[in-house]
There are 2 protein chains.
Amino acid sequence: MALDNPTLQKPVTTADKVFDAILHAIVDGKIAAGSKISEPGLAKQYEISRSTLREALNRLEKCHLIERKANVGSRVVDCTIEGLLEIYVVREALEGMACREAAINMSDDEIAEMQDMLAQHANSQALIDGISYYQEEGDLDFHYKVILGSHNQQLINILCGQLYHLVRMYRIQFGMHSPRATRAFQEHSNIIQAICDRDGELAEILMRRHIAASRKNIEKKIALQNSTAA
Amino acid sequence: MALDNPTLQKPVTTADKVFDAILHAIVDGKIAAGSKISEPGLAKQYEISRSTLREALNRLEKCHLIERKANVGSRVVDCTIEGLLEIYVVREALEGMACREAAINMSDDEIAEMQDMLAQHANSQALIDGISYYQEEGDLDFHYKVILGSHNQQLINILCGQLYHLVRMYRIQFGMHSPRATRAFQEHSNIIQAICDRDGELAEILMRRHIAASRKNIEKKIALQNSTAA
DNA sequence: CAAAGTATAATTGTCGACAATTCAATCGTT
DNA sequence: AACGATTGAATTGTCGACAATTATACTTTG
């Protein structure tokens, strides 16, 4: 049960709720990537006014989940390999820095909490079975914790508020549950150790390598896919 | 004459124009940082409907220039030292990576163009006079060029579309024209050289140091300010 | 038959009004 | 006099309708 909204600002207005609903629909692929969004259609579907819907669409645009052109309309972003790799580049830079800052700014309690989480993941049946649960849920939990541990509001906003919605969208729509589970777990463990040692420099390097490894894994997969297809 | 909108999507709708107007007003401090925004007031001032104003406000929120709370309203972000330092941390990470990618992805023409710009800055009267023109305008031009040179749309969006509005706001409101002009110029020159050599690793390191130097310069200034005030 | 122009239909942008919530001032109580 | 509750005013959220722009289908022409 990973929190999919670590900033936990509960939806109070109806636009908030519709935003949440459409967000999940897009991330889960129920609204197809690249498809055009019909304002009258969606408004009727959710039984709200167009004004309220547009309010929700504006927030989706903030997450880079939809793109709007003036006098033309909104489209769901489409998932491309290039787009995915671009995100990994940004993640490598930002999460690396977040990890460095986390090593500096996290409280001892926060670190202990993160260690507990890792221990829990270690014991989880899914990891023992080598299944992809860890990849899909535990991995995000870990990364969220590190990001929040940076105590840098800008980093938190960009990563948790914007980029990670896209990350989850790609994960689901590209079906990314690679067999990196046990290895990624070891890398997480090393990163936490660096944070625990308050070694920001090492923590950043390890996190960057961790993310770069994921990216390269995907690149390899894609290359393989292309070679077999050709 | 630095472009203050490198993504150059011209305002077509009235909400776009109002967004531009309010953006400049906030960045220039004509609308005070931290002040509350009155929707009826601003709507009347710009002679538009509240719906159109809210559309503009949503885009300002995307730039992190205003913050909204449900059923309460919008406030202009306030400029704090902590906030400024947070931005520098993000810039160090993102622009460092952008610089690395620029060394890989920039075309020869783009590099030549950037070299021309630097040469032009070298000859500019303002730099010779040791005045702060370079800091305020040429510096931004340089950083924009590098960011765009990354050819990474995510990086471009985050940096040019969001963060740099805040950067300009802080520069103006904190009156940041430090005597780092000639030194910064030399650093820019070295960075371009690394990009020209297609040395992404070095380019990233140099850019990170360049930004970190600015941050430390500010921290020093603040420390000095505090010591004299006490 | 293809291509361009035009007219129609659909969609987006903008507006003003009403409902719901929050803020402010007044009044009453201890 | 200070604190809390209540009432009124102001602000935000939501709605439906109209205007402006764009997309579509049809007609006309070469």
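Chain letters run A, B, ... following the sequence lines, proteins first and then strands; every chain starts at 1.
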Just the rounded figure in Å: distance from [atom2] of [N] to [atom1] of [X].
| X | N | atom1 | atom2 | result |
| --- | --- | --- | --- | --- |
| Glu39(B) | dC23(C) | CD | P | 14 Å |
| Asn58(B) | dT12(D) | CG | C1' | 13 Å |
| Asn71(A) | dG13(C) | CG | P | 6 Å |
| Tyr46(A) | dT14(D) | OH | P | 16 Å |
| Glu47(A) | dT14(D) | CD | C1' | 15 Å |
| Leu53(B) | dT12(D) | CG | P | 10 Å |
| Arg50(B) | dT11(D) | CZ | C1' | 7 Å |

Are there more than 12 heavy atoms of other residues, nucleotides or ligands under 6.0 Å from atom [atom1] of [X]?
| X | atom1 | result |
| --- | --- | --- |
| Lys36(B) | NZ | yes |
| Lys216(B) | NZ | no |
| Gln120(B) | CD | no |

Side-chain N or O of [X] versus OP1/OP2 of [N]: is the shortest distance under 4.0 Å?
| X | N | value |
| --- | --- | --- |
| Thr14(B) | dT14(C) | yes |
| Thr13(B) | dT12(C) | no |
| Arg54(A) | dG13(C) | yes |
| Lys44(B) | dC15(C) | no |

Quick one: do Glu67(A) and Arg75(A) make a salt bridge, cutoff under 4.0 Å?
no

Check this for me: does any side-chain nitrogen of one of Glu55(A) and Arg68(B) sit under 4.0 Å from a carboxylate oxygen of the other?
yes

Would you check if the distance from the ring center of His165(A) to the ring center of His64(A) is below 6.0 Å?
no

Contact nearer the 5' end of DNA chain D, comparing Ser74(B) with Ser49(A)
Ser74(B)

Minimum-distance nucleotide (side-chain atoms of Lys36(B) versus dA17(C), dT11(D), dC15(C))
dT11(D)

Which of these nucleotides, dT14(D), dC23(C), dT12(C), is closest to any side-chain atom of Val72(B)?
dC23(C)

With sugar-phosphate meaning primed atoms plus P, OP1 and OP2, does Ile37(A) contact a base, only sugar-phosphate, or nothing at under 4.0 Å between heavy atoms?
sugar-phosphate

Mind checking if Ser51(B) touches a base, just sugar-phosphate, or nothing, with heavy atoms under 4.0 Å?
base

Contact residues, residues 61-69 of chain B to DNA chain C [heavy atom, < 4.0 Å]
none

With distance as the sole criterion, is a donor-acceptor pair present between the side chains of His143(B) and Glu95(B) under 3.5 Å?
yes

